[in-house]
Amino acid sequence: SEEKAHYAGVGGSVVMPVVVMPQRNRVLLCQCESRVGAEVFEEVLDAGWEGCILIFKRMRDAVRAQALERGKQSTIVT
């Protein structure tokens, strides 16, 4: 679209912090620092959502792996 072409021409940066609660499938915070139209807003929000979900899954997996490792260590009798 014309709006997307405009942002691509000016460096393509839109600042939008996004905070989500993945377990409830909810956006808790979305603060757009740039003036954008609905199409760009939705695209940036979707990208923020996907990034938050990716980080959540990685952190969840790391915590589970750490818990499993600690559980294995506590069952070893020395």
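FYI, the numbering just counts along the sequence from 1.
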Check: For the residue pair Ser34 and Ser13, what are the closest heavy atoms and their distance?
Finding: OG-O, 4.3 Å
Next item on the list: Taking all non-hydrogen atoms of both residues into account, name the closest pair between Ile53 and Pro22 and its distance.
Entry: CD1-CB, 3.7 Å
Check: When rounded to the nearest 0.5 angstrom, what is the spacing between CZ in Phe41 and CZ in Arg35?
Finding: 14.0 Å
Checklist line | Approximate separation, where rounding is to 0.5 Å, of Asp46 CG and Glu43 CD | finding: 8.0 Å
Next item on the list: Would you indicate whether the side-chain heavy atoms of Val40 and Val14 approach each other to under 4.5 Å?
Entry: yes
Checklist line | Glu33: side-chain hydrogen bond (donor to acceptor under 3.5 Å, both in side chains) partners, not counting sequence neighbours | finding: Gln31
Using the rule that Ile, Leu, Val, Met, Phe, Trp and Tyr join whenever any side-chain heavy atoms are under 4.5 Å apart, tell me whether [X] and [Y] fall into a single cluster.
X     : Y     : value
Val27 : Met16 : yes
Met21 : Val19 : yes
Phe56 : Leu45 : no

